[in-house]
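Read through the structure below, which is laid out as structure tokens, and then see the notes.
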Amino acid sequence: MSQVPWISVSEARSAASTGKSVELRGWLRTRRDSKGGFSFLEINDGSCLGNLQVVAPGELSNYESVVKNLSVGCSLIVTGEIKASEGQGQATEMLATSVQMIGDADPQTYPLQKKRHTFEKLREWAHLRPRTNTFGAVTRVRNRISFSTHQFFQEEGFLYIHTPIITASDCEGAGQMFRVTTLPAENPPRDPQGKVDFSKDFFGRSAYLTVSGQLEGEIFATACGKIYTFGPTFRAENSNTSRHLAEFWMIEPEAAFFDLNDNMALAERYVKRILKDVLNDCAEDMQFFDERVEPGLIAALKVVLDKPFERISYTEAISILEKSGEKFDYPVSWGSDLQAEHERYLTEKHVQGPVILYNYPAAIKSFYMRMNEDGKTVAAMDVLVPRVGEIVGGSQREERLDRLLARMKELGLSEQDYWWYLDLRRFGSVPHSGFGLGLERIIQFVTGMQNIRDVIPFPRYPGSAEF
RNA sequence: UCCCCUGUAGCUCAGUCGGUAGAGCAGCGGACUGUUAAUCCGCUUGUCCCAGGUUCGAGCCCUGGCGGGGGAGCCA
């Protein structure tokens with residue numbers, strides 16, 4: 001059909017495209033009619049934040065019939081020559097020789113207007129919000145972080161492992177789980193006690209959506225050395241906050257022969273790699289977030305990039321909080337978990353940047369974390385960042401069979417349920433460590449977006465699974 | 001799940017002491033020799049979240065429900 005190459009808006013905006021005759025395909029963001037009898041059309045195709053300004057001359061055969069009626073949101077194919085722009089604000093523009101409307105968008109009923117919408121309203125239009133500047137930018141940053149994740153771990157020699165989404169283990173201990181069943185909700189089979197008989201279910205037992213790939217990750221780490229997972233994770237908690245989702249994406253590296261220090265260093269390198277790549281490769285999007293979403297964002301991220309992450313043991317953190325002179329709503333005491341206000345003090349006031357807290361009291365952490373020599377704390381670590389809080393949670397795992405069994409007994413966990421997990425300690429056990437990083441949380445941190453529901457394409461949370 | 005706030009035009013909101021609703025933006029029409037949140041003039045737009053109740057009369061007061069936001073807990 002067309003004689004000229006189809007290029008992206010991103011490419012067309014580069015000065016290197018000047019003089020080329022090309023075709024662009026995208027959506028109209030705004031139309032301005034000039035006094036001179038021609039129109040400016042701004043086209044976006046998702047390839048970048050900015051639009052390309054297309055000058056549609058009045059001489060076009062369909063100028064009066066089509067061009068003058070183009071409205072926000074319609075799809076277009078335009079051809080013409082890329083020229084240096086006569087106006088301010090853009091390097092290049094297209095002088096169109098043809099403007100073809102592909103699909104219209106009735107301005108009377110198209111929800112998106114040429115004005116700012118609140119994120120709350122946009123959430124109701126999740127099928128249209130990728131067409132806005134903010135969500136386009138979030139989408140590109142999310143993509144860049146995903147790509148960096150694979151690049152980083154691959155370059156570090158980690159194998160990408162696909163751990164199961166459906167798990168039969170009901171005791172992963174990381175929160176409420178969604179049950180997976182094919183039993184009829186009305187009148188399911190029941191055992192003699194009248195309870196639902198899940199032995200008749202699809203898998204012959206209860207099954208759930210995964211809350212973590214860690215335990216399966218350990219299986220591969222104790223065979224292949226260094227592995228990572230990157231997939232969806234599900235929590236059926238009734239949590240309603242700006243940093244929780246029922247379905248989210250998590251990256252979980254697990255490495256044999258890594259101790260807690262290796263683990264903390266890995267987390268720091270990984271987070272910094274993400275920041276570096278996003279700042280370098282999503283500069284225009286990041287500029288947008290810096291101007292419109294979180295002033296000072298870029299400068300703050302650059303500081304994070306340049307400074308080593310502060311490492312503070314739980315015990316030190318308690319003493320810092322006690323000496324802070326701050327008035328906290330919740331008391332600070334050794335042995336109890338840190339409250340959000342405590343974490344906020346540490347990241348936002350005390351170090352003004354990321355903090356790695358480590359060696360937590362065993363009582364407030366999971367059974368699989370390695371007991372320290374003091375017999376009171378475990379080799380756990382959390383990475384906390386300003387604004388968002390915890391983005392990484394991890395630990396060195398308990399590799400000593402007797403210690404692990406003792407701990408499980410203490411917590412009333414059944415050996416049988418974990419037979420294969422315990423086998424890893426029976427046969428060729430090694431010290432090993434890993435962590436989970438919440439993809440959406442690091443996107444929040446990097447973009448400055450306040451609500452986690454606005455950094456995932458289709459958020460799932462209690463009472464909400466539209467789209 | 002708990003605490004606080006909130007729900008009025010397509011969007012953002014105002015609405016006094018209880019007397020049947022208004023502004024900006026958007027849209028539509030017009031004007032204007034390159035605009036870029038274009039500008040200027042004119043016009044249109046309502047299940048006042050839902051269900052009860054009080055009252056001569058409810059957008060406003062009361063009760064219940066639903067939705068949204070902020071904070072807390074759970075965590076990534």
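So that the names make sense, note that chain A is the first sequence line, chain B the second, and so on, each numbered from 1.
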*Would you mind classifying the nucleic acid contact of A/Thr109 as base, sugar-phosphate or nothing, using non-hydrogen atoms under 4.0 angstrom?*
nothing
*Could you work out which one of B/rG27, B/rG71, B/rG68 sits closest to the side chain of A/Pro107?*
B/rG27
*Consider the side chain of A/Lys121, meaning its heavy atoms from C-beta on, and name the nucleotide among B/rU36, B/rA76, B/rU12 that approaches it most closely.*
B/rU12
*Among the nucleotides B/rA76, B/rU35, B/rU1, which one has an atom lying closest to any side-chain atom of A/Asn238?*
B/rU1
*Is there a donor on the side chain of A/Arg116 or the base of B/rC25 sitting less than 3.5 Å from an acceptor on the other?*
no
_Presence of donor-acceptor pair under 3.5 Å, side chain of A/Gln53 and base of B/rU35_ = yes
_OP1 or OP2 of B/rG70 versus the side-chain N and O atoms of A/Asn451: is any pair under 4.0 Å?_
yes
*Answer with base, sugar-phosphate or nothing: what part of the nucleic acid does A/Arg29 contact at a heavy-atom distance below 4.0 Å?*
nothing
*How far does the P atom of B/rG65 sit from the matching atom of B/rC4, given to the nearest Å?*
14 Å
_d(CZ, A/Phe234; P, B/rC75) in whole Å_ = 20 Å
_Base, sugar-phosphate or nothing for A/Glu93? Non-hydrogen atoms, less than 4.0 Å._
base
_Whether A/Arg142 and A/Glu440 form a salt bridge (side-chain N of Lys/Arg under 4.0 Å from carboxylate O of Asp/Glu) is what I want to check._
yes
*For this output row, return yes or no: ring centroids of A/Phe328 and A/His342 closer than 6.0 angstrom.*
yes
*Please state whether the phosphate of B/rA72, meaning OP1 or OP2, lies under 4.0 angstrom from any side-chain nitrogen or oxygen of A/Arg344.*
yes
*What about the rings of A/Tyr228 and A/Tyr160, do their centers lie closer together than 6.0 Å?*
yes
*Measure the distance from CG on A/Asp33 to C1' on B/rC28 and round it to the nearest whole Å.*
14 Å
*Rounded to the nearest Å, what distance is computed from the CG atom of residue A/Leu357 to the P atom of nucleotide B/rC75?*
15 Å
*Under the 3.5 Å Watson-Crick or G-U criterion, the dot-bracket string of RNA chain B, with | for inter-strand pairs*: (((((((..((((.....[..)))).(((((.......))))).....(((((..]....))))))))))))....
*Find the distance between CD (A/Glu341) and CD (A/Glu348) and round it off to the nearest 0.5 Å.*
12.0 Å
*Say you pick atom P in B/rA72 and the same atom in B/rG29; how far apart are they, in whole Å?*
49 Å
_Rounded distance in Å - CZ (A/Arg32) to C1' (B/rA37)_ = 9 Å
*asked:* Between B/rC66 and B/rA51, how many Å separate the two C1' atoms, rounded to a whole number?
replied: 11 Å
*If you look at every strand shown and take non-hydrogen atoms under 4.0 Å, does A/Gln339 touch a base, only sugar-phosphate, or nothing?*
sugar-phosphate
*How many Å lie between NZ on A/Lys114 and C1' on B/rG24, as a whole number?*
16 Å
*Can you tell me how far C1' in B/rU33 sits from the matching atom in B/rC28, rounded to whole Å?*
25 Å
*asked:* Using the side-chain heavy atoms of A/Gln90, tell me which of these nucleotides is nearest: B/rC75, B/rC11, B/rU36.
replied: B/rU36
*Quick one: CZ on A/Phe220 to NE2 on A/His162, what's the gap to the nearest 0.5 Å?*
11.0 Å
*Within the structure shown, what part of the strands sits under 4.0 Å from A/Val72 by heavy-atom distance: base, sugar-phosphate, or nothing?*
nothing
*Closer than 4.0 Å, any side-chain N/O of A/Ser212 to the OP1 or OP2 of B/rA76?*
no
*Would you mind classifying the nucleic acid contact of A/Thr233 as base, sugar-phosphate or nothing, using non-hydrogen atoms under 4.0 angstrom?*
nothing
_Categorize A/Arg31 for me: base, sugar-phosphate, or nothing, with a 4.0 angstrom heavy-atom threshold over every strand shown._
nothing
*Look at all strands and tell whether A/Tyr330 reaches a base, only sugar-phosphate, or nothing, counting heavy atoms closer than 4.0 Å.*
sugar-phosphate
*Could you check which of B/rA38, B/rA76, B/rG27 has an atom nearest any side-chain atom of A/Leu245?*
B/rA76
*Looking just at side-chain N and O atoms, do A/Glu218 and A/His432 make a donor-acceptor pair shorter than 3.5 Å?*
yes
*A/Phe40 side chain: which of B/rU35, B/rU12, B/rC75 is closest?*
B/rU35
*Once you round it to whole Å, what is the distance between P of B/rC11 and CH2 of A/Trp125?*
6 Å
*Starting from the C-alpha separation in whole Å, work towards a yes-or-no answer on side-chain contact (heavy atoms from CB on, under 4.5 Å) for A/Tyr421 and A/Leu215.*
CA-CA 7 Å; A/Tyr421 190 69; A/Leu215 302 193; 3.4 Å; yes
_Quick check against the 3.5 Å criterion: does A/Ser85 have a side-chain atom that pairs as donor or acceptor with the backbone of A/Glu93?_
no
*More 5' along RNA chain B: A/His117 or A/Leu95, using each one's nearest nucleotide?*
A/His117
*Checking only heavy atoms, does the side chain of A/Lys115 share a donor-acceptor pair with the base of B/rC11 at less than 3.5 Å?*
yes
*Would the A/Phe153 and A/Tyr270 ring centres measure less than 6.0 Å apart?*
yes
*Which whole number of Å gives the distance between the P atom of B/rG59 and that of B/rC48?*
8 Å
*asked:* So, taking the atom named CG in A/Leu159 and the one named CD in A/Gln154, what distance separates them when rounded to the nearest 0.5 Å?
replied: 7.5 Å
*Taking atom P of B/rC11 as reference, at what distance in whole Å does atom CD of A/Gln108 sit?*
14 Å
*Expressed as a whole number of Å, how far does the C1' atom of B/rC3 sit from that of B/rG18?*
31 Å
*asked:* Can you tell me if A/Ser242 touches the phosphate of B/rG71, counting only side-chain N or O atoms and a distance under 4.0 Å to OP1 or OP2?
replied: yes
*Gap in Å between the two C1' atoms, one belonging to B/rG10 and one to B/rC5, rounded*: 25 Å
*On a whole-Å scale, what distance lies between the C1' atoms belonging to B/rU8 and B/rC13?*
9 Å
*Please determine, for the side chain of A/Arg243, which listed nucleotide (B/rU36, B/rG73, B/rU12) has the closest atom?*
B/rG73
_At 4.0 Å (heavy atoms only), tell me whether A/Gly393 reaches a base, stays on the sugar-phosphate, or touches nothing._
sugar-phosphate
*For the pair A/Tyr418 and A/Tyr368, evaluate ring-ring contact (aromatic ring centres under 6.0 Å, His included) and give the outcome as yes or no after the intermediate values.*
CA-CA 11 Å; A/Tyr418 290 90; A/Tyr368 52 73; 9.3 Å; no
*Tell me: CE of A/Met177 to P of B/rA76, nearest whole Å?*
13 Å
*Is A/Gln450 atom CD crowded by more than 12 heavy atoms from other residues, nucleotides or ligands, each under 6.0 Å away?*
no
*When the nearest nucleotide of RNA chain B is assigned to A/Glu86 and to A/Leu439 on a heavy-atom basis, which residue is associated with the more 5' position?*
A/Glu86
_What contact category does A/Asn51 fall into here, base, sugar-phosphate, or nothing, at under 4.0 angstrom with non-hydrogen atoms?_
nothing
*With sugar-phosphate meaning primed atoms plus P, OP1 and OP2, does A/Ser34 contact a base, only sugar-phosphate, or nothing at under 4.0 Å between heavy atoms?*
sugar-phosphate
*Would you mind classifying the nucleic acid contact of A/Glu120 as base, sugar-phosphate or nothing, using non-hydrogen atoms under 4.0 angstrom?*
sugar-phosphate
*Quiz item: A/Gln113 side-chain donor-acceptor pair to B/rG10 base, under 3.5 Å*: yes
